[in-house]
K.L.:
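Mind having a look at this structure? Questions to follow.
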Amino acid sequence: MKYLIIILAGLFFTSCNNNSSKTNSESNSKMVLGAPESVISTTPNADSTIKGPLSYAPDIPAVQDGDTVVVKFDVRHKLFHAKSDVAFVGWLFGDSLPGPVLHIRVGQTVKFSMTDRSNEPMPAGMVMQPMQHSIDFHAGMVNPADKWRSINPGETISFTWTANYPGVFMYHCGTPMVLLHMISGMIGMVIVDPKDGFPGKVDKEFALVQNEYYLKPNGNIYSPDTTLAMKKTPTFVAFNGKPGQYVVHPIHVKAGDRIRLYLLNAGPNNASSFHVIGTIFDKVWIEGNPKNELEGMDVIDLAPAMSAIVEFVIPEKGRYTFVDHSFADAEMGAQGVFVAD
Amino acid sequence: MKYLIIILAGLFFTSCNNNSSKTNSESNSKMVLGAPESVISTTPNADSTIKGPLSYAPDIPAVQDGDTVVVKFDVRHKLFHAKSDVAFVGWLFGDSLPGPVLHIRVGQTVKFSMTDRSNEPMPAGMVMQPMQHSIDFHAGMVNPADKWRSINPGETISFTWTANYPGVFMYHCGTPMVLLHMISGMIGMVIVDPKDGFPGKVDKEFALVQNEYYLKPNGNIYSPDTTLAMKKTPTFVAFNGKPGQYVVHPIHVKAGDRIRLYLLNAGPNNASSFHVIGTIFDKVWIEGNPKNELEGMDVIDLAPAMSAIVEFVIPEKGRYTFVDHSFADAEMGAQGVFVAD
Amino acid sequence: MKYLIIILAGLFFTSCNNNSSKTNSESNSKMVLGAPESVISTTPNADSTIKGPLSYAPDIPAVQDGDTVVVKFDVRHKLFHAKSDVAFVGWLFGDSLPGPVLHIRVGQTVKFSMTDRSNEPMPAGMVMQPMQHSIDFHAGMVNPADKWRSINPGETISFTWTANYPGVFMYHCGTPMVLLHMISGMIGMVIVDPKDGFPGKVDKEFALVQNEYYLKPNGNIYSPDTTLAMKKTPTFVAFNGKPGQYVVHPIHVKAGDRIRLYLLNAGPNNASSFHVIGTIFDKVWIEGNPKNELEGMDVIDLAPAMSAIVEFVIPEKGRYTFVDHSFADAEMGAQGVFVAD
């Protein structure tokens, strides 16, 4: 029998590091550990549209009110264009790569459901075996063998989890071979606001998910290649799924704007040295947690699956290129531009 | 002539960062810098058993009382099975790979001795040249050209060093070609408690050392291969020396347990993105020093030779897989399981 | 029309993380964002000597007085010996690789000019196409499309920028293919002191820039190779441009000295695990900013383009080797020695 443990986190923190002058307001609130057993049904969700506080990066959806948030997205096998001339059959959460950004706050319980639609018909000429999939939310504290378990094609899994810590967290498919599922597109970001929101005011905010592609030609399209992925030698590196997309279509900001970026390096293998040319990060919150604050940094190191929130000011009108300063990655597509009008 | 410098660390800290509200209780205590000259004898230690506050990971030995701790382990050339079907002649501290975990506290002086037993007979069929070896304790503050120097086969080196900083530190052989000595097995962990122990109470604690193997077939066994190691392309990646061992033989914990892990990435080359699926690190102490505290992290980046202590709660009954989330490493063996009954 | 924005940084910080007990003295001072439009002329600087608070690493020049600092160095194509038997036509800032260390303090405005001398005659037998170059100071907050823009051979660019944050910052050529310009030598360090200098007293201080070489034989010299650089597989790794130079010619210090190192990993691709054998970093300032302080670390992780300031004590007379503990890098030349007399 599965069960819920609800405890005062304060109990865990009584012998907290007494050299620290930080307060643990977050940790004094209730933590919710575990959740009722997941349910698997053979009924697909009514339709394949995404539902909940979700949007595709760089957009960030609004947080919903209330203690419970209903969230639904499905898995589909679908042709995905990483570049105009580079397509492959992506295994996608929702409709894109990365999957939709989920935005919640500490204390909210996510009522989640997902149908594995890999058995549904694909366009003529596209071939991909139906297969098991799953989802692992790094922001959740539950038994992965239950909630993050694999479902069969056509099945729907439903479970809940509660956000205990603020920050930026990865989600991804956890079905073996996990590496293959990740390089086929099954990655995404969860943003968890502190109970009272992130401190400070900003003018604009964007979500950026970095990922590596490992692709080899396969007829007139491409296939994700585990041999390349095991060697950690990507063919392309992208922000929000499309190498160099924001060089061609820059993100528009204004001189003097204070910008907040929610950054996730989905990897799956290599670190990112994130940098915005022409400015300096006034604040960096490691893993997106305001308690982990660094200041005055020009580069932030994001190991695979790690995240950060960074804030900076656009100094004057101009073009501010952002890159992974592990510069071969930038040359492979990990660059984009903020244009300040 | 070698000599001891004993000074009040306080002298160094008088103009300490005045923006910081941290107290330097640790650094106000005496630091011991340097140590008497090491002694090399041609007499081997009486037997090859390990002696002192030592145990093999994931176990952590108890700290001993007193200001001086006698520690002894030897170097042996011995067949080591990384996997049931992958053996090579390891160059081992003590009896295993990684070598034994040494557990001491700040202020304790380690009286260390080690015999190079590489000249002792090996089982029939095993061949390995006797050779020089050495040991470099990252936790020590002494002249490496003296204490960490190489000794000849059959010789015994004796020296002392004192722990000045709390944390988790690597030790390894420092004899050229150092990279070859490390990939042949000569790595291990030292845990240094603060004078009054690490703050906070936990239910269970474990030591995990991550390392990369660079092996090529050599007859019916394998050999460490420096060509692969110079390319940083491992054949396997392991926790505590055996890829995937804790998938087959999980580590048992209980729902609700607060767990503390002492983590070391011995490398020798690649970073680790350490993550426990299904939970979040409530505290992270970078390099194992409680003053370097981060909170609410799902992943901790461990560069080669770096360490951390992480604490987390097991949310409910289940299986919690820990991985290096640079996911090719997980696929190469850097994964294990906590089973919560 | 370009323009200057001068604002009270305090405005940005009004809703600063209220969990933090840090004061923002730095950020309360005026920040200077943007700068007048750069000027490009066809007149070369009068001569090719470097001018300003500049010196070649490991030396650190004195900070100059005053609010404005005149700085001048040019770009030259020049034979550079990475090792006695490994030379290539370097694209150099000033006269060496890395380029000169620039040392300023927060609030100072740098009046910078640089001539692209790649069209000037080279010694007989040396061939290198004249080409566009540029400079991107990570310490500056200005429009990169203006100040960091590429100039033609023979042209001189002049612009100003103001240091807003203390720390250690990279500069490099930003002309495409950026990766090629960096592996050809166009990298360097800027040190920005806090307004009142870095806190604390030290006995000696040195600058160390780590970089990777990607070289292939080209007749009797070598050429930087972008194929190797895109694979992130270096041929050599160096401190201050010459692999192993400080093993042959150690840096001299004294037992008991408190040493401060200004560290920059110029990359361009791989992380560095910086370690000094035989001692422990008493303080680490991530990115060189005293507000980002960690303590008691034996290793500091420097992602490409990242920096740190570390301080440590030399425990006793001896030889203290410093390495990149991603040990293949050390074997490729990323090591040096402090000799304590």
Side-chain angles (χ1 to χ4, degrees), chain A residues 20-26 194 198-202 232-233 255-256 258 270-275 277-285 290-291 293-303 311-321 323-332 337 339-340, chain C residues 2-5 7 9 12-22 24 26-27 31 33-35 136 138-148 164-167 169-170 174 177-179 182 226 229-232 267-271 286-289 291-292 301-307:
Chain A
S20 167
S21 60
K22 298 186 220 163
T23 62
N24 279 310
S25 60
E26 215 59 57
F198 284 104
K201 293 257 183 264
V202 297
K232 306 188 180 182
T233 52
R258 187 174 183 83
N270 297 331
S272 172
S273 278
F274 187 79
H275 170 66
I277 301 173
T279 191
I280 292 175
F281 304 142
D282 180 60
K283 290 184 197 173
V284 172
W285 294 331
K291 290 181 187 164
E293 182 168 309
L294 297 175
E295 298 182 37
M297 299 182 75
D298 61 321
V299 180
I300 173 69
D301 179 21
L302 298 168
E311 289 187 16
F312 56 91
V313 175
I314 298 290
E316 59 178 336
K317 289 188 185 182
R319 287 174 65 85
Y320 298 83
T321 300
V323 297
D324 176 353
H325 222 289
S326 179
F327 229 89
D329 294 348
E331 303 287 2
M332 282 188 274
V337 174
V339 163
Chain C
K2 307 286 166 168
Y3 53 94
L4 261 173
I5 308 179
I7 42 169
F12 292 139
F13 287 84
T14 45
S15 9
C16 183
N17 174 9
N18 55 15
N19 293 322
S20 167
S21 61
K22 298 184 220 164
N24 279 310
E26 216 59 59
S27 44
M31 286 219 297
L33 303 177
D136 166 351
H138 281 209
M141 296 176 72
V142 292
N143 173 16
D146 174 33
K147 280 76 178 176
W148 315 153
N164 290 319
Y165 291 93
F169 298 92
M170 188 174 180
M177 181 192 190
V178 180
L179 183 64
M182 289 200 287
T226 54
M230 288 300 290
K231 289 183 187 163
K232 305 187 180 183
N269 285 322
N270 298 331
I286 305 290
E287 290 268 274
N289 190 320
K291 290 181 187 164
N292 304 330
D301 180 19
L302 298 169
M306 281 196 75
S307 64

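A note on names: the letters A, B, ... follow the listed sequences, proteins ahead of strands, and every chain is numbered from 1.
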K.L.:
Taking salt bridge (Lys or Arg N to Asp or Glu O under 4.0 Å) as the test, write out the residues that go with Asp324(A), two or more places apart.
P.N.:
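Result, salt bridge (Lys or Arg N to Asp or Glu O under 4.0 Å) vs Asp324(A): none returned.
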K.L.:
Taking all atoms of both residues into account, what is the closest heavy-atom pair of Pro199(A) and Trp285(A), and its distance?
P.N.:
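Closest approach of Pro199(A) to Trp285(A), heavy atoms only: O-CH2, 3.5 Å.
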K.L.:
Using non-hydrogen atoms and a 4.5 Å limit, figure out which bit of Thr233(A) sits close to chain C: side chain, backbone, both or neither.
P.N.:
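Thr233(A) has no heavy atom closer than 4.5 Å to chain C.
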K.L.:
With a 4.5 Å cut-off on heavy-atom pairs, point out which of Asp329(A), Val284(A), Val323(A), Leu302(A) contacts chain C the most.
P.N.:
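Max contact count across the listed options: Asp329(A).
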K.L.:
Contact part of Met182(C) toward chain A, heavy-atom cut-off under 4.5 Å: side chain, backbone, both or neither?
P.N.:
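Just its side chain gets close to chain A.
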K.L.:
Go through Thr226(C), Asp136(C), Val142(C) and name the one with the most non-hydrogen pairs under 4.5 angstrom from chain A.
P.N.:
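Option with the top pair count is Val142(C).
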K.L.:
May I ask you to name which of Ile280(A), Ile277(A), Val202(A) has the most heavy-atom pairs under 4.5 Å with chain C?
P.N.:
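Among Ile280(A), Ile277(A), Val202(A), the one with the most close pairs to chain C is Ile280(A).
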K.L.:
Which residue out of His325(A), Met297(A), Arg319(A), Lys232(A) racks up the most heavy-atom pairs below 4.5 Å with chain C?
P.N.:
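Option with the top pair count is His325(A).
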K.L.:
Please determine, among Thr279(A), Asn270(A), Ile300(A), the option with the most heavy-atom pairs under 4.5 Å with chain C.
P.N.:
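Heavy-atom pairs under 4.5 Å are most numerous for Thr279(A).
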K.L.:
Kindly compute the distance separating CG (Leu179(C)) from CG (Asn269(C)), expressed to the nearest 0.5 Å.
P.N.:
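If I round to the nearest 0.5 Å, the distance is 5.5 Å.
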K.L.:
Just verifying a value: how many Å separate Met170(C) CE and Asp298(A) CG, rounded to the nearest 0.5 Å?
P.N.:
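Met170(C) CE to Asp298(A) CG: 9.5 Å, rounded to 0.5 Å.
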K.L.:
Do any N or O atoms from the side chain of Glu316(A) and from the backbone of Asn143(C) form a donor-acceptor pair under 3.5 angstrom?
P.N.:
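Side chain of Glu316(A) to backbone of Asn143(C): a pair is present.
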K.L.:
Would you mind checking which part of Ala139(C) comes under 4.5 Å of any heavy atom in chain A, side chain (CB onward), backbone (N, CA, C, O), both or neither?
P.N.:
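Backbone of Ala139(C) only, per the 4.5 Å heavy-atom cut-off to chain A.
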K.L.:
To the nearest 0.5 Å, what is the distance between CE (Met306(C)) and OG (Ser326(A))?
P.N.:
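Result: 13.0 Å between the selected atoms.
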K.L.:
Given a strict heavy-atom distance threshold of 4.5 Å, which part of Ile286(C) is in contact with chain A: side chain, backbone, both, or neither?
P.N.:
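When you check distances to chain A, only side chain atoms of Ile286(C) fall under 4.5 Å.
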K.L.:
Using the side-chain hydrogen bond (donor to acceptor under 3.5 Å, both in side chains) criterion, which residues pair with His275(A)? Sequence neighbours excluded.
P.N.:
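Partners of His275(A) under the side-chain hydrogen bond (donor to acceptor under 3.5 Å, both in side chains) test: His138(C).
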K.L.:
Donor-acceptor check, side chain of Glu295(A) to backbone of Lys291(C), threshold 3.5 angstrom: yes or no?
P.N.:
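Between the backbone of Lys291(C) and the side chain of Glu295(A) there is no qualifying donor-acceptor contact (under 3.5 Å).
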K.L.:
Measure Ala305(C) against the heavy atoms of chain A and call it side chain, backbone, both or neither at under 4.5 Å.
P.N.:
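Contact with chain A is through both the backbone and side chain of Ala305(C).
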K.L.:
May I ask you to decide whether Arg258(A) forms a salt bridge with Glu311(A), counting only side-chain N to carboxylate O separations under 4.0 Å?
P.N.:
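A salt bridge is present here (some side-chain N lies under 4.0 Å from a carboxylate O).
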K.L.:
Please rank Gly296(A), Ala340(A), Ala328(A) by heavy-atom pairs under 4.5 Å with chain C and give me the top one.
P.N.:
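Maximum pair count with chain C is reached by Ala328(A).
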K.L.:
What part of Lys231(C) gets closer than 4.5 Å to chain A, counting heavy atoms only: side chain, backbone, both or neither?
P.N.:
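The answer is neither part of Lys231(C).
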K.L.:
Go through Phe327(A), Phe198(A), Phe312(A) and name the one with the most non-hydrogen pairs under 4.5 angstrom from chain C.
P.N.:
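Max contact count across the listed options: Phe327(A).
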